[in-house]
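Data block below; observations after.
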Amino acid sequence: MGKLKEKLQKFMENPDVAFKEQVGYVSGVFGNCMGQDSVSTYTDQFMYDYMGLESRHLVAMKTATTGLNIVIAPIVGALLDGNRSGKGNARSFMMASAIPFTLSSILLFLVPSASQMFNVIWSIILYLTFNIADTFFDVALSTLSVRMTPNAKSRKTFYTIAQVASTLGSMLPGGLVPVIIDLMGDDYSKEKWAFFSVALFFGILGLFTMLVPCLTLKEKNLVLPPKDNKKVNIDLRLIFLNRPLLLLCLCNVIDSIRQVCYNSLPFFYKQTLNNYGMKTYVEVASSTLSYCGLASVPFVGRKLSSRDIVVAGYMHTGICYTLLSIFGYKHLWIVGILIALGGFPNAAMSAAKRILLADSTDYMEWKSHQKYGVASRNEGMVFAFSTMVSRISALWKELLINGGLSLIGYKSAQNVGGVMVEAVQTPETLHGIFLLVVVPGILGNLLPGLIMMFDNFTGKRKEKIMAELEVIRAENKARLAETE
């Protein structure tokens, strides 16, 4: 308890970043994660079971969205890197994107009609709006966060605290939705409106929290290359020199297999186990364990680097799902324990990944100086590239899960006499849902863990690079002073 109090005290008295800026960043992460989790976890199930959409509709929608995001993300990053003044455009991007983000996240859980075609068009427009707004907000907030301070230790502190808010933001809709749906007593019409009511509540709450960083964060320019020798500007060549970033992005692409497991869980609880309320209990247990894992980071971090935490977390979860595949789903208590235990490292891993992504800008700065003689960070492009890859990963996940649901013969809701009616699944399909949980749960954890082992920006090598970078920054500062 004393250690936790000491950690919070450091957070509040961080000399590198003002307390209100840290609170603003944490608030933005909390609101953004609530919307992201609501949409990413439940839209597939809602569109299949209540809107009557089919696999081909969802694949087309996700493909179009990903293609658009691939174009938009680097543009957002370029705009952020191109305006480094004290009155930059990051906060404007966040302010402008928060409202369409919120509206679309709510309306995606509204069934506008009994017409499948109208529902398809409605879903595509709203899903595109949601993802474009999310890209603007996410890249802008992430870019501001890494510019808050060049001190990697200070970043580690507020990123760890922010992960608490991120986990809570994901846990609230994830835990509340199954409880509300279970209370509807298998009333199909009430279940449909319950989804919308929960989305409305969290949408409004999320909007207020997403606007806080727009009022508290300040545009900061941490490091500028010398004006007389600016050979490297916004350039994708720098991205491909950034080994830690590339490995982390490759890890996240393979991690999309793991996300198939998590997206299959709502189907698993509701259809295979016929116990949707169980999701809430497991979610609470998993989130509690996840917080325990996050709280252990300050202690474990003395022995393990952020990379090591990510690797160990993947291996741990992979083992849990391997055991689940062996025991099956006959005993609900075993299912609950293994899934909950699998979530133990999630928050710590997410915090470690956030730290690794921010630290990759330091590596880019050092590497660009080694390669071109000019230290260049391009934080906006780093986070834009990461966002672009995450959208590609999301599409890959959607292709996998929709392909998997089609393969096992999952049936979507049917229009009967102008009313949407829930479909009945076969026993083979119900067992197939279990396979969609365990197989991706194993492969989607073990493979990314192996990939992250190749990241060598850690330990003594990282210390050496950071020491060299401090010298480079001091030289750049002196040269800038001379030119001015």
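Note: hydrogens, waters and symmetry copies are ignored here, and every other heavy atom, side chains too, is used.
Aromatic ring centroids of Phe101 and Phe130 lie under 6.0 Å apart.
Contact between Ser306 and Ile355 at its shortest, heavy atoms only, is OG-CG2, 3.7 Å. Counting all heavy atoms, side chain and backbone alike, Ser256 lies closest to Ser393 at CB-O, 3.2 Å. For Leu443 against Pro448, the heavy-atom pair with the smallest separation is O-CD, 3.8 Å. When all heavy atoms of Ala199 and Phe109 are compared, the pair lying nearest together is CB-CD1, 3.7 Å. In plain terms, the two heavy atoms of Ala98 and Leu211 that are nearest each other are CB-CD2, 4.0 Å. Scanning all heavy atoms of the two residues, the minimum distance from Val26 to Ala165 falls at CG1-CB, 3.4 Å.
Counting only residues at least two apart or in different chains, salt bridge (Lys or Arg N to Asp or Glu O under 4.0 Å) contacts with residues 249-259 comprise Asp255-Arg258, Asp255-Lys353.
By the neighbour-count criterion of 12 heavy atoms within 6.0 Å, atom OH of Tyr281 is sparsely surrounded, having that number or fewer from other residues, nucleotides or ligands. Taking a 6.0 Å sphere around CH2 of Trp396, one finds it holds 12 or fewer heavy atoms contributed by other residues, nucleotides or ligands. Within 6.0 Å of atom CG in Leu215, more than 12 heavy atoms from other residues, nucleotides or ligands are found, so the atom counts as buried in its surroundings.
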### Message
Show, in sequence, the C-alpha distance, side-chain angles and deciding distance for Met452 and Leu248, and conclude whether the side chain to side chain contact (heavy atoms under 4.5 Å, CB included) test is met.
### Response
CA-CA 7 Å; Met452 287 305 297; Leu248 185 60; 4.2 Å; yes
### Task
Could you check Lys367 against Asn242 for side chain to side chain contact (heavy atoms under 4.5 Å, CB included), going step by step and ending with a plain yes or no?
CA-CA 7 Å; Lys367 190 67 176 180; Asn242 195 336; over 6 Å; no
### Task
Carefully, step by step, assess Gln36 and Val39 under the rule side chain to side chain contact (heavy atoms under 4.5 Å, CB included).
CA-CA 5 Å; Gln36 288 177 337; Val39 172; over 6 Å; no
### Message
Quick one, Leu108 with Phe195, criterion side chain to side chain contact (heavy atoms under 4.5 Å, CB included). Give me CA distance, side-chain angles, the key distance, then yes/no.
### Response
CA-CA 10 Å; Leu108 273 168; Phe195 269 103; over 6 Å; no
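Between Arg91 and Leu144 there is a side-chain heavy-atom pair separated by less than 4.5 Å. Side-chain contact between Asn346 and Tyr262 is present, with heavy atoms from C-beta onward closer than 4.5 Å. Side chains of Asn263 and Gln45 form no contact here, defined as non-hydrogen atoms less than 4.5 Å apart.
Under the 30°/60° scheme for interplanar angles, the aromatic rings of Phe434 and Phe268 are found to be tilted.
Residues meeting the side-chain contact (heavy atoms from CB on, under 4.5 Å) test with Ile392, sequence neighbours left out: Thr66, Ile70.
Of the candidates Asp455, Ile465, Leu241, Tyr363 forms a side chain to side chain contact (heavy atoms under 4.5 Å, CB included) with just one, namely Ile465.
With respect to Asp44 and Lys62, a salt bridge is recorded, a charged nitrogen being found less than 4.0 Å from a carboxylate O. A salt bridge between Asp362 and Arg473 is present, with a side-chain N of the basic residue lying under 4.0 Å from a carboxylate O of the acidic one.
In summary, the side chains of Ser305 and Thr458 do present a donor paired with an acceptor at a separation below 3.5 Å, with no hydrogens or angles considered.
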